[in-house]
Amino acid sequence: ISLPTPSLNSTPTPTTLLKTLSSSHSLAHFKQVHAHILRSTHSPSHSLILKLLSSPSLPYSLSIFSHLPHPLPSLSTPFLRHLSRSSKPEFAFFVYQRLRNEGIPIDRFAFPPLLKAASRVGWLAEGKEIHGFGFKSGFHSDPFVQTGLMVMYVGCGRLPEARLVFDKMSYRDIVAWRIMIDGYCQSELFDDALELFEEMKRANIEADKFVLSSILSACGRAGNLDCGKAIHDYIIQKELVIDAHLRCALVTMYASCGCMDMAQQLYDQMIPKNVVVSTAMVSGYSRHGRVKDARLIFDQMVEKDLVSWSAMISGYAESDQPQEALRLFNELQILGIRPDQVTMLSVISACANLGVLDKAKWIHVYADKNGFGGSLRINNALIDMYAKCGSLERARNVFEKMTSRNVISWTSMINAFAIHGDANNALRYFQKMKEACVEPNGVTFVGVLYACSHAGLVEEGRKIFASMFNEHNITPKHEHYGCMVDLFGRANLLREAVEIVETMPFAPNVVIWGSLMSACQIHGETELGEFTAKRVLELEPDHDGALVLLSNIYAKERKWKNVGDLRQLMKERGISKERGCSRIELNDEVHEFLVADRNHKQAYEIYEKLNEVVSRLKLDGYAPNTGCVLVDLEEEEKREVVLWHSEKLALCYGLINGAKDSCIRIVKNLRVCEDCHTFLKLVSKVYRREIVVRDRTRFHHYRDGVCSCRDYW
């Protein structure tokens, strides 16, 4: 761009220069105009200097300001305002230092931009200095300065100091109330935000849409539906216009609180529907288990951002639909959208849930290639993922390579050892954690007690439970008492398990009664089992496990009428026993099998293979254990039911299609029954194959006819 030059001898007028500066977008051109101004015989006007101070380069603007002799507030204050809004708000303090050092006057209007700059960069010390200078200058009661102080203290996370300024204000306009309420919301002090809103109403201050949006956000994030409804009623009562901004806040609040019908009603009234409110609906439906509804909203979205994709992926991951989560992640990659840490954590969680090691390896490589390898949260999640995908070695490798570890890192590693039945290493790493001066938390103790429980380490479990309070000042909660009940129950110390239940400082919950109930089932304690099942049903009448156990107890006693009555009750209430399901991955494809499943394309071959395997195992002494079939069937029918369990079908599929020496990995949704456990041990011996099975509670590593659980599961 060149300057307009009407004739060879003419000089651009100040008006022309001002217009040229206004249309200038490059620093080079700006400098050219500046050179004309310096060569001019006229002193630059006030407006021209202000325009120069807003150059495309902040350092250049600062250089211009530093050469201005004794700049008055009419120049310095607008410049401070410009800097406070810029990409380098800290530059405002260079101007402030010069004004202070040279004793140049600073008016009250300079304080808000200075305090805003301190807020944006989180410079509390500088903000406090300006606070002190404002007090000495007599501006401490000025509403502009007070509002700026609130902004600064809120931005630096100092809510008590912000509230002190707020409380001392002689006049509080809606902006002051909004800043204080926003501050509480940003710091997740939702009760304080709601209390301040009530105080605002008592002061007869009319809330604007921004305050109402903040309060609705607080209600949603705190899960306070009653308060959210009250705010909605307030809006209707005051006949306030519900614009797109406010409607978005209402939808988000109702969705966050799980009131999806009301959220949907308000959402349907929005035209157009923006990406923020649509994402809130996706998250709301997903959080409350309505993933199909979430997907419907997601598919209808015209525009989707990374947050939308992450919300839908997370919805699938948390709703036990890991394959859908990973399928959606593949779509995200095809579209070329780069995931962030939140997305990756959901994807890693989905893979952990799926339990497929090959997929886990791929995700780990992807995370490293895309710059997530150094993230503490990602590495913690990878430890958990590898552990749940059956590779304790890889989980350990991730842990050992971490440059920094927190309590979650150690706890994840301890839990990994626990679910794989390696109690010795779980206890060893627990000791190493304490030696590294990392204080264990309640979750850590659950992992250590779990390890003791599944390895039968009763005395070690007792000591660790006692150390919670004695050494670490952690009060045991339901889950810790539940671990102790499980520890004693598995070890057939049922009297001690009952004693724990009777003496614990709070009422036992469903989980604790359920642990005792399971122990009774394992050890054939019919009378106590019936008692505990009934306690479970008192707390949760539709508990399928308790109803099935009662049915099983009656079946073992051949009380078929009682069994029939219970099954009729379950049918009337729409309760059914969870069906056994097993997954196996081969050649990047996951195959699922149900009990007696004949839907697989290789079903004929699978059942032929099963017959062959059973015949070979019988030569080694195998006989189907029909004791776990608790229905009134003929013995031959019972044998068929046992042989058609889902993990046996998955195993045979693996024997047919997997490489000869490869490890067969299976994920089962229920506890492995006694017959399948024996069957898998024998297959590992006869066929010389390593088999890894993840059931509902732990891993079983079968090799050479032996299981890692040592038949204690």
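The first residue in the sequence is number 1, and the count goes up from there. All values below come from the heavy atoms of this structure, side chains included, with hydrogens, waters and symmetry mates left out.
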Contacts of type side chain to side chain donor-acceptor pair (under 3.5 Å), residue Ser278, not counting sequence neighbours:
Tyr267
Quick one: pull up CE in Met150 and CG in Leu164 and give me the separation to the nearest 0.5 Å.
11.0 Å
Taking side chain to side chain donor-acceptor pair (under 3.5 Å) as the test, write out the residues that go with Asn370, two or more places apart.
none
Check whether Ser187 reaches the backbone of Gly183 with its side chain - one donor and one acceptor, N or O, closer than 3.5 Å.
yes
Below 4.0 angstrom, N of the basic side chain to O of the carboxylate: do Asp233 and Lys229 qualify?
no
Using the side chain to side chain contact (heavy atoms under 4.5 Å, CB included) criterion, which residues pair with Ser314? Sequence neighbours excluded.
Glu318, Ser346
So which atom in Gly284 and which in Met260 form the shortest heavy-atom distance, rounded to 0.1 Å?
C-SD, 3.7 Å
Mark yes or no for whether Ser308, through its side chain, and Asp305, through its backbone, hold a donor-acceptor pair below 3.5 Å.
yes
For Arg120 and Ser84, indicate whether the former's side chain and the latter's backbone hold a donor-acceptor pair under 3.5 Å.
yes
For Lys128 and Tyr153 the tightest heavy-atom approach is CG-OH, 3.9 Å
Minimum heavy-atom separation for Phe65 and Leu99, please, with both atom names.
CZ-CD2, 4.2 Å
Quick one: do Glu102 and Arg98 make a salt bridge, cutoff under 4.0 Å?
yes
If you measure only the distance, is there a donor-acceptor pair under 3.5 Å linking the side chains of Tyr254 and Gln264?
no
Ser283: side chain to side chain contact (heavy atoms under 4.5 Å, CB included) partners, not counting sequence neighbours:
Thr279, Arg287, Ala311
Any donor-acceptor N/O pair, Arg405 side chain to Phe399 backbone, under 3.5 Å:
yes
Polar side-chain atom of Ser86 near backbone of Lys88 as donor-acceptor pair, under 3.5 Å:
yes
Check for a donor-acceptor pair, side chain of Asn379 on one end and backbone N or O of Gly373 on the other, with a separation under 3.5 Å.
yes
Considering residues, nucleotides and ligands other than Glu198, do more than 12 of their heavy atoms fall under 6.0 Å from its CD?
yes
Quick check against the 3.5 Å criterion: does Thr147 have a side-chain atom that pairs as donor or acceptor with the backbone of Pro143?
yes
How close do Arg108 and Pro112 get, counting heavy atoms only, and between which atoms?
O-CD, 3.3 Å
Distance-only donor-acceptor check, side chains Ser409 and Asn380, under 3.5 Å:
yes
Go through the steps for Phe144 and Phe109 under the test ring pair (Phe, Tyr, Trp, His ring centres under 6.0 Å), then give the verdict.
CA-CA 7 Å; Phe144 286 101; Phe109 299 108; 5.7 Å; yes
Should the pair Phe79 and His82 be assigned to parallel (<30°), tilted (30 to 60°) or perpendicular (>60°) ring geometry?
parallel
Aromatic rings Phe135 and His140: how do their planes relate, parallel, tilted or perpendicular, breaks at 30° and 60°?
tilted
Which donor-acceptor pairs under 3.5 Å do side chains of residues 206-215 form with protein atoms, sequence neighbours excluded?
from: Glu206; atom 1: OE2; to: Lys238; atom 2: NZ; distance (Å): 3.4
from: Asp208; atom 1: OD1; to: Phe210; atom 2: N; distance (Å): 3.2
from: Asp208; atom 1: OD1; to: Val211; atom 2: N; distance (Å): 2.9
from: Asp208; atom 1: OD2; to: Arg178; atom 2: NH2; distance (Å): 2.6
from: Lys209; atom 1: NZ; to: Asp243; atom 2: OD2; distance (Å): 2.9
from: Ser213; atom 1: OG; to: Lys209; atom 2: O; distance (Å): 2.7
from: Ser213; atom 1: OG; to: His245; atom 2: NE2; distance (Å): 3.3
from: Ser214; atom 1: OG; to: Asp182; atom 2: OD1; distance (Å): 2.2
from: Ser214; atom 1: OG; to: Phe210; atom 2: O; distance (Å): 3.2

If the condition is side chain to side chain donor-acceptor pair (under 3.5 Å), which residues does Ser63 pass it with, not counting sequence neighbours?
none
Looking only at heavy atoms, which two atoms of Val276 and Asn274 are closest? And how far apart?
N-OD1, 3.1 Å
Has the side chain of Arg172 got a donor or acceptor atom that lies under 3.5 Å from a matching backbone atom of Phe166?
yes
For the side chain of Asp107 and the backbone of Ala110, is there at least one donor-acceptor N/O pair under 3.5 Å apart?
yes
